[in-house]
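Notes to accompany the following structure.
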Amino acid sequence: MIQPRTFKGARDFLPEQMLHRERILDTMRTVFKKYGYAPVETPAIEYLDVLTGKYGEEADRLIYKLNYKTGTKDEAALHYDLTVPFSRMVAMNNDLAMPFKRYQMQPVWRADRPQPHQGRFREFYQCDVDCVGSSSMLIEAELIAITYEVLNGLDIPDFLIKINNRKILNGITQYIGLDNNFVGDVCVSIDKLDKVEWNEVAKELKDKNIHTTSIDKLHDLLTQKLNLTQLKSALAEIEIAQEGIAEIEEIFYYLQILGIPEQYFTFDIALARGLDYYTGPIFETKLPKHPHIGSLNGGGRYNGLIASFGGKDLPSVGTSLGLDRIFTAMQQLNLLSEVKTSTQVLVGNFGADTLDASLKLVKELRANGINTEFYPEATKMKKQFSYCDKKQIPFMAILGSEELAQNKITLKVMKTGLQNLIDFNELLEKLA
RNA sequence: GACAUCGUAGCUCAGUUGGUCAGAGCAUCGGAUUGUGGUUCCGAGGGUCGUGGGUUCGAGCCCCAUCGAUGUCCCCA
């Protein structure tokens with residue numbers, strides 16, 4: 001016998017989970033379209049070389065390589081995210097009207113160690129919104145507004161969109177006297193600072209052959225806990241940092257005009273993001289009260305990625321909402337009411353004498369837009385009511401011989417147990 | 001990839017220093033005088049105690065290995 005099991009880090013979803021997941025996806029889709037983004041889809045499978053070298057060493061190792069024609073030109077992998085395949089798609093389609101705005105909701109795969117409690121899986125859905133062909137910070141602001149609108153629309157409380165800029169991180173690296181090769185190391189250290197003591201971070205940097213004067217300079221800068229304005233004067237000499245800070249200021253200005261409440265977004269110097277392709281503003285959404293749950297959202301500007309496929313050098317920025325993260329968060333925050341069905345009414349089956357009339361009733365209900373189920377067997381009522389109850393269908397309609405004789409229907413409200421003999425029009429009113 | 005804990009029915013767990021130890025509750029299915037669920041009562045199915053070795057007269061309980069799960073770190077959605 002073969003032991004039935006799901007692949008590590010991949011999950012089955014039963015109706016009561018799928019109904020919630022679909023609601024989350026519907027919310028996103030509605031918001032994405034409201035902002036003028038259009039749907040696209042790319043294959044789950046890509047040539048391996050399309051994917052490698054874009055994310056960085058760490059992430060490249062997590063790409064799911066397919067054990068199929070390895071070592072040939074046909075080497076393939078499951079896509080690791082949607083940004084790189086999308087960039088490939090843009091590079092292959094030179095006639096897109098710019099700026100090109102798309103959304104894309106598909107599963108992606110990462111050969112990671114799953115941690116379900118933190119919302120971390122090997123197969124999960126990313127829901128990306130990206131805009132290619134504009135360098136305006138209006139797009140960054142728009143993407144942050146979309147993120148806010150989706151999470152707020154799902155009634156998720158106290159989320160925080162953290163915003164930083166790779167240009168600032170580059171500037172800091174430059175400020176402490178290191179060249180750009182060390183940006184990654186510096187980012188990792190800064191990122192750790194809110195969890196680990198400075199001594200440990202300093203030791204790590206030493207181990208990476210970074211000079212003490214640089215480490216001390218970094219320490220001085222970070223321990224001051226500067227806000228954006230203070231950072232601006234501290235890094236007055238560093239041109240790239242000034243550029244980055246100005247961009248963040250511009251984004252904040254737009255967010256204010258767009259009416260995004262201030263408590264939902266913040267500048268965070270410690271935000272680094274691991275993927276290599278980011279070049280400008282970056283963002284990530286966390287639940288500060290539930291730090292163990294991984295980020296619900298992440299994104300940033302990645303000018304240059306499309307050019308790496310030989311296409312035009314198009315400026316691009318995008319953000320990704322994690323369906324599984326949001327779903328996990330909502331589960332743990334008890335935001336998911338118990339829903340087992342989308343059926344509104346169950347029509348009982350009372351056998352041959354009333355079958356035609358019942359089926360016609362079912363047809364009419366559906367024609368009026370009411371989600372209707374018809375019990376397939378003419379079993380005892382107890383069983384049919386029990387089914388209705390277990391599936392939490394709110395109403396049961398009964399059309400037996402007694403009702404048929406009077407040309408009426410009995411409607412039972414399952415929650416209260418009350419029932420009435422009514423005609424079809426009244427039935428429609430009650431179910432509407 | 002590093003470290004820690006844990007693996008008994010679909011789920012939550014009992015199982016005492018190795019000797020009826022294969023159990024309970026919930027869930028599922030069926031029944032309690034023929035058109036009424038969610039309460040109650042009765043009954044049934046379901047586990048070679050993760051897997052493979054070893055110690056022993058005898059192991060769910062001890063030892064080794066292996067696989068899997070969970071948590072923390074790293075990184076991410």
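Computed from heavy atoms alone, side chains included, the values below leave out hydrogens, waters and symmetry copies. Below, chain A is the first sequence line, B the second, and so on; all start at residue 1.
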Grab the [atom1]-[atom2] distance between [X] and [N] for me, whole Å please.
X: Lys383(A); N: G38(B); atom1: NZ; atom2: P; answer: 14 Å
X: Phe159(A); N: A77(B); atom1: CZ; atom2: C1'; answer: 16 Å
X: Ile398(A); N: G37(B); atom1: CD1; atom2: P; answer: 11 Å
X: Tyr387(A); N: U36(B); atom1: OH; atom2: P; answer: 20 Å
X: Arg120(A); N: C73(B); atom1: CZ; atom2: P; answer: 10 Å
X: Gln115(A); N: U5(B); atom1: CD; atom2: C1'; answer: 14 Å
X: Tyr80(A); N: C75(B); atom1: OH; atom2: P; answer: 12 Å
X: Leu271(A); N: C75(B); atom1: CG; atom2: P; answer: 12 Å

### Message
Could you check whether the side chain of Asp389(A) and the base of G38(B) have a donor-acceptor pair of N or O atoms closer than 3.5 Å, going by distance alone?
### Response
no
### Task
Can you see which heavy atom on Thr328(A) is nearest to which on Gly119(A), and at what distance?
OG1-CA, 3.6 Å
### Query
Do Tyr103(A) and Asp130(A) have a side chain donor and acceptor closer than 3.5 Å?
no
### Query
Going by atom types only, do Gln104(A) and Asp128(A) share a side-chain donor-acceptor pair under 3.5 Å?
no
### Message
Run through RNA chain B and report every stem of 3 or more consecutive Watson-Crick or G-U pairs, distances under 3.5 Å, ordered by first number.
### Response
B:1-7 with B:67-73, B:10-13 with B:23-26, B:28-32 with B:40-44, B:50-54 with B:62-66
### Task
Applying side-chain contact (heavy atoms from CB on, under 4.5 Å) between Ile398(A) and each of Thr410(A), Leu411(A), Leu421(A), report the one that passes.
Thr410(A)
### Message
According to side chain to side chain contact (heavy atoms under 4.5 Å, CB included), who are the partners of Asn368(A), at least two apart in sequence or on a separate chain?
### Response
Glu364(A), Phe424(A), Leu428(A)
### Summary
The side chain to side chain contact (heavy atoms under 4.5 Å, CB included) partners of Thr30(A) (sequence neighbours excluded) come to none
### Task
Under the salt bridge (charged side-chain N to carboxylate O under 4.0 Å, His left out) rule, collect the residues that match up with Lys34(A), sequence neighbours excluded.
Glu149(A)
### Residues in salt bridge (charged side-chain N to carboxylate O under 4.0 Å, His left out) contact with Glu338(A), at least two apart in sequence or another chain
Lys340(A)
#### Entry: Asp81(A)/Tyr277(A) under side-chain hydrogen bond (donor to acceptor under 3.5 Å, both in side chains): CA gap, chis, key distance, verdict
CA-CA 12 Å; Asp81(A) 71 353; Tyr277(A) 51 60; 2.7 Å; yes
[atom1] spacing across the pair [N] / [M], given as an integer number of angstrom:
N: A9(B); M: G18(B); atom1: C1'; result: 24 Å
N: G60(B); M: U20(B); atom1: C1'; result: 14 Å
N: G15(B); M: C57(B); atom1: C1'; result: 23 Å

### Task
Start with the C-alpha distance between Glu284(A) and Arg273(A), add both sets of side-chain angles, then the distance that settles salt bridge (charged side-chain N to carboxylate O under 4.0 Å, His left out), and finish with yes or no.
CA-CA 8 Å; Glu284(A) 189 169 296; Arg273(A) 309 219 15 101; 2.8 Å; yes
Does anything in [range] come within less than 4.0 Å of RNA chain B? Heavy atoms only, and list the residues if so.
range: residues 15-31 of chain A; value: none
range: residues 280-305 of chain A; value: Gly294(A), Ser295(A), Leu296(A), Asn297(A), Gly298(A)
range: residues 420-432 of chain A; value: none
range: residues 336-347 of chain A; value: none
range: residues 400-416 of chain A; value: Gly400(A), Ser401(A), Glu402(A), Glu403(A), Lys412(A), Met414(A), Lys415(A)

Counting the atoms with a prime plus P, OP1 and OP2 as sugar-phosphate, which does [X] contact under 4.0 Å by heavy atoms, base, sugar-phosphate, or nothing?
X: Gln384(A); answer: nothing
X: Gly119(A); answer: base
X: Arg273(A); answer: sugar-phosphate
X: Phe350(A); answer: nothing

Are [X] and [Y] ion-paired here, with the side-chain N under 4.0 Å from a carboxylate O?
X: Glu142(A); Y: Lys101(A); answer: yes
X: Asp60(A); Y: Lys54(A); answer: no
X: Asp26(A); Y: Arg29(A); answer: yes
X: Asp112(A); Y: Arg122(A); answer: no

Among [options], which nucleotide has an atom closest to any side-chain atom of [X]?
X: Lys382(A); options: A32(B), G30(B), G71(B); result: A32(B)
X: Phe121(A); options: G30(B), A2(B), A77(B); result: A77(B)
X: Ser320(A); options: G71(B), U36(B), A77(B); result: A77(B)
X: Met381(A); options: C75(B), U36(B), U72(B); result: U36(B)

### Message
With the six-membered base ring of A77(B) as reference, does the ring of Phe124(A) sit under 5.5 Å away with planes under 30° apart?
### Response
yes
### Task
Could you note down all residue pairs passing side-chain hydrogen bond (donor to acceptor under 3.5 Å, both in side chains) where residues 369-380 of chain A supplies at least one of them, sequence neighbours left out?
Thr343(A)-Glu373(A), Glu373(A)-Tyr387(A), Glu373(A)-Lys391(A)
### Query
If you look only at pairs with a residue in residues 417-432 of chain A, which of them pass as a side-chain hydrogen bond (donor to acceptor under 3.5 Å, both in side chains), with sequence neighbours excluded?
none
### Query
Closer to the 5' end of RNA chain B via nearest nucleotide, is it Gln118(A) or Leu323(A)?
Gln118(A)
### Task
Using the closest heavy atom to pick a nucleotide of RNA chain B for each, name whichever of Pro114(A) or Gln126(A) lands nearer the 5' end.
Pro114(A)
Short side-chain to backbone donor-acceptor contact, [X] and [Y], under 3.5 Å:
X: Asn152(A); Y: Tyr148(A); result: no
X: Gln384(A); Y: Asn349(A); result: yes
X: His20(A); Y: Met330(A); result: no

### Message
On the nucleotide G37(B), are OP1 or OP2 found under 4.0 Å from the side-chain N or O atoms that Lys391(A) carries?
### Response
no
### Message
Measuring to OP1 and OP2 of C29(B), would you say a side-chain N or O of Lys390(A) lies under 4.0 angstrom away?
### Response
yes
#### Entry: Side chain proximity check, Phe121(A) to Arg11(A), heavy atoms < 4.5 angstrom
yes
### Message
Parallel, tilted or perpendicular: which one describes the rings of Phe252(A) and Phe265(A), with boundaries at 30° and 60°?
### Response
perpendicular
